[in-house]
Amino acid sequence: MPVKLTVTGAAAVAHAMRQINPDVVAAYPITPQTPVVEYYASFVSDGIVDTVMVPVESEHSAMSAVVGSAAAGARTMTATAANGLALMTEIVYIAASYRLPIIMPIVNRALSGPINIHCDHSDAMLVRDSGWIQLFTENHQEAYDFTIIATKLAEKENVLLPAMVNLDGFITSHGVESFEMLDDEVVKEFVGTWNPKYSLLDTKNPVTFGPLDLFDYYFEHHRQQEEAMNHAYKELPKVFEEFAKISGRKYDFLDLYKTDDADYIMVVMNSTASTAKYVVDQLREEGKKVGLVKPQVFTPFPKKEFQQVLNGRKGVVVLDRAMSFGKEAPLYSLIKSSLYEVASKPSLGSYIYGLGGRDTTPEMIREAFEDAIKGNLITDEQRYLGLRE
Amino acid sequence: MVPNIRDIVGYVETNDWAFTQGHRLCPGCNAPMVANWATLAAKSLGYEPVVGAATGCLEVSSTIYPFTSWNVPYIHNAFENVAATISGAEAAYRSLLNRKKIDNDKIKFIAFAGDGGTYDIGLQALSGAIERGHDFVYILYDNEGYMNTGNQRSGSTPPGADSTTEPVGKALSGKLQLKKSIVDIIAGHEGVYAATAVTSEPWDFMRKMQAALEFEGPAFISILAPCVRFWRIPDDSGPEVTKLAVETKYWPLWEYNMGVYKVTKKPKTFKPVKEYITKLGRYNKLMKRPDANEILEEMQNYVDAKWDRLLALEEISKDKPIRRKI
Ligand SMILES: Cc1ncc(C[n+]2csc(CCOP(=O)(O)OP(=O)(O)O)c2C)c(N)n1
Ligand code: SF4
């Protein structure tokens, strides 16, 4: 029987990892990711899991070690945030190109500088083109569920890509909330055992990982990575379906909230979606036809799903928790380009919010909705919520 | 058990090398000898080598896709992280053995890296891996510069050597600093086996390789392995030059085991270091400078002092390990 646990989001993720019981976890602490690894280390120390932990001396080595471990055929995980992810980045790309299904919770935090330990999505956006699957989660339940879903997806033979599960630093990782934890056995059976086709430890059939890949093949290999992403896109609905069977919770690329008849739609990722749902409810009570779209999958980007839900609306506001200096914000630019092909384009507005952990209040969310309702959206204008100008 | 010469000849005759032909290292390069000796020693002792390599000449020349010279499992990850990559693979091995997902207990992990990937950018990852006590043998083929990128200086480049990032010029005599003493740095981790070797002494290397493989924990061998191109020496002279390096105290042969130092070769008489230096074309420019003798004298004093220190360390550490466990 599933049980209700009232714990921090970090503990929820650590429980998902405990139930998956990977062969190897190598990690380095960074606020606000630290508790994920601390919880896991205590599971190891108490003999609750028999994972081999590698307490490396840096994130660069954490990602390097998980590449070595996954290449050796072990189910492997790590976790990080912000500057840790930045330090890993060189190897983050390499992990994807070697097609190693590593799972990595990212406890989203602002990227220095200046140094800041609070939530935004600049870390995840730094590696958005690295070839990893990127999932985003609103709360404890999703952070837990998506860690399990990611493991199943990454190891599909036609996918074999590493996956990041993003959860908001402090808000989700340190906030205490209830979530439903599945039975250990159910999770164990759902993720199954990992039997890779190629392994460094298969001395009878030696393989070379990471050769020099010059102009005559590099291009083709990148094309194959794209193909793997296409497969991930096709496999995701199946994995969501299978997960619904064991949990009763049915996920999709996009979480749609009161969008059926909505004229005005907000798009926002992760925990801020909870605040936005609250504002949607208020505005609905006032008779305004508003709704919310929360992307749960960012890479592979659900372009078709966005087109379907946004085509024909009057106004769409996109909230980004990261900037792309000198260019349009990352989520906004992708949604905008998706809408190039739809029959009836909504007017669009780009809003930056919550950088470095800046609190995002219902009033701020309302402000963005009201701009849309008033017909006051300018496609080319980047606006800021809660900024002192 | 010692590396068996008959077995080794057998592997060579049946073409069962771990590091096989078809690599594109330069003719006369000493790096492939190191790769061959290390893996053949492991095989002849009954182990199954799993190899990691850092970015560098050996790596770029041996695995040009879709070809590979490696007849054993091999992984290259990046420049600075071979020690971390191998620690992950070794952790996976322990985990999978423990979980009975595999039952091969013959695997030994061997990491290869150049001096750039070891003294400089890779030092942190190497130090971390040694401190954590992973069971692997790290082999540094030391050619005293970044050769893959074109003869830049490294933390191993000796003073007065001509390199492209610190060339000997009108104002400067090339690199000003002495080399880092990498084996002492590794020995400073204490719970480790560490040794020096040279390409002129294959049997000494094999014996140290055996000690390293049998050591339960991290082991490190630094082998002086000339790059014939940038040392500007004839293609067939690598081992001849490294022999001189030992005979001039430039490269003493010694080992360290959990606190105990041992000098493994004690020539009765030594030649002046100048004899070694003037053999190498990369000092030609230095020798034309007015301060050449000053630099040579500095070098001579340095190698003399290092040698005396080594003998003293051997004496005071005899039978006195500072550690019993990693
Ligand atoms: C992060 C990073 N910085 C720089 C490089 C470029 N690079 C590749 S190999 C190399 C030097 C290798 O020198 P060394 O380790 O001494 O090996 P060698 O080529 O001499 O055998 C450099 C600087 C790189 N690949 N990665
Ligand atoms: S450049 Fe030097 S180190 Fe590199 S392959 Fe040639 S001889 Fe060997």
Side-chain angles (χ1 to χ4, degrees), chain A residues 21-26 28 50-76 78 88 90-91 93-95 97-98 100 102 193-195 198-214 216-218 220-221, chain B residues 18 24 47-53 55 59-99 101-102 104 106-107 109 111 121-122 124-132 134:
Chain A
N21 191 5
D23 300 302
V24 173
V25 169
Y28 192 76
D50 60 349
T51 301
V52 170
M53 284 276 271
V54 190
V56 279
E57 84 299 333
S58 74
E59 287 89 350
H60 194 283
S61 286
M63 188 43 61
S64 304
V66 299
V67 165
S69 167
R75 185 178 268 162
T76 308
T78 181
M88 281 180 180
E90 181 196 23
I91 316 302
Y93 274 72
I94 294 172
S97 79
Y98 291 10
L100 301 172
I102 297 157
T193 48
W194 167 228
N195 298 308
Y198 304 105
S199 153
L200 264 187
L201 304 182
D202 183 0
T203 49
K204 301 263 174 324
N205 304 292
V207 283
T208 290
F209 281 85
L212 182 68
D213 202 18
L214 297 176
D216 40 5
Y217 287 98
Y218 179 87
E220 281 70 26
H221 288 145
Chain B
R24 301 184 204 177
Y47 299 121
E48 295 182 1
V50 170
V51 168
T55 313
E59 168 268 329
V60 300
S61 308
S62 64
T63 64
I64 306 176
Y65 189 87
F67 305 107
T68 180
S69 293
W70 295 92
N71 220 352
V72 290
Y74 168 98
I75 185 165
H76 159 254
N77 188 342
F79 183 22
E80 63 283 58
N81 63 355
V82 66
T85 307
I86 282 295
S87 30
E90 189 262 358
Y93 180 47
R94 265 186 285 135
S95 182
L96 297 180
L97 272 180
N98 186 32
R99 291 179 168 191
K101 289 189 188 164
I102 53 169
N104 179 354
K106 299 221 168 64
I107 290 178
F109 293 93
I121 198 166
Q124 174 187 307
L126 174 58
S127 175
I130 293 176
E131 183 271 327
R132 292 191 302 274
H134 295 279

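Naming: A, B, ... by sequence-line order, numbering from 1 per chain.
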Among A:S61, A:A62, A:G68, residue most engaged with chain B (heavy-atom pairs, under 4.5 Å): A:G68
Reported NZ-to-CG distance for the pair A:K204 and B:N104, which is rounded to 0.5 angstrom: 6.0 Å
Nearest-0.5 Å distance, CZ of residue B:F79 to CD of residue A:E90: 10.0 Å
Atom of B:S95, atom of A:V24 and distance for their closest heavy-atom approach: CB-CG2, 4.1 Å
Least distance between heavy atoms, B:A92 atom then A:A74 atom: CB-CB, 3.6 Å
Toward chain A, the part of B:E131 with a non-hydrogen atom under 4.5 Å: neither
Note, B:P73 side chain near A:T203 side chain (heavy atom, < 4.5 Å): yes
Under 4.5 Å from a heavy atom of chain B, the part of A:V56 involved: both
Closest heavy-atom pair and its distance - B:V60, A:L212: O-CD2, 3.4 Å
Residue B:K101 versus chain A: region with a heavy atom under 4.5 Å: side chain
Among the listed options A:N21, A:V66, A:N205, A:T193, the residue most often paired with chain B at heavy-atom distances under 4.5 Å: A:N21
Closest non-hydrogen atom pair between A:V54 and B:A91, with its separation: CG2-CB, 3.4 Å
Selection residues 67-76 of chain A - residue pairs positive for salt bridge (Lys or Arg N to Asp or Glu O under 4.0 Å), sequence neighbours left out: A:R75-A:E155
Structural part of A:A71 lying under 4.5 Å from a heavy atom of chain B: side chain
Min side-chain heavy-atom separation A:S58-B:Q124 under 4.5 Å: yes
Structural part of A:L200 lying under 4.5 Å from a heavy atom of chain B: both
For chain B, the option from A:A72, A:S69, A:S199 that forms the most heavy-atom pairs under 4.5 Å: A:S69
Side-chain touch A:V52/B:N98, heavy atoms, less than 4.5 angstrom: no
Partner chain B: residue of A:I91, A:T76, A:T51 with the largest heavy-atom pair count (under 4.5 Å): A:I91
Under 4.5 Å from a heavy atom of chain B, the part of A:Y98 involved: side chain
Set of residues satisfying side-chain hydrogen bond (donor to acceptor under 3.5 Å, both in side chains) with respect to A:D216, sequence neighbours excluded: none
Rounded distance (nearest 0.5 Å) linking atom CG of A:D202 with atom CD1 of B:I107: 8.5 Å
Under 4.5 Å from a heavy atom of chain A, the part of B:N77 involved: both
Greatest number of heavy atom pairs closer than 4.5 Å to chain A - which of B:R94, B:R132, B:R99, B:E48: B:R99
Side chain proximity check, A:Y217 to B:P66, heavy atoms < 4.5 angstrom: yes
Nearest atoms (heavy-atom pairs only) where A:L201 meets B:Y93: CD1-CA, 3.8 Å
A:T208 OG1 to B:Y74 OH distance, which is reported to the nearest 0.5 Å: 7.5 Å
A:E57 versus B:S127, side-chain donor and acceptor atoms under 3.5 Å: no
A:V67 and B:I75, any side-chain heavy atoms less than 4.5 Å apart: yes
Donor-acceptor under 3.5 Å (B:H76 side chain, A:G210 main chain): yes
Part of B:L96 lying under 4.5 Å from any heavy atom of chain A: side chain
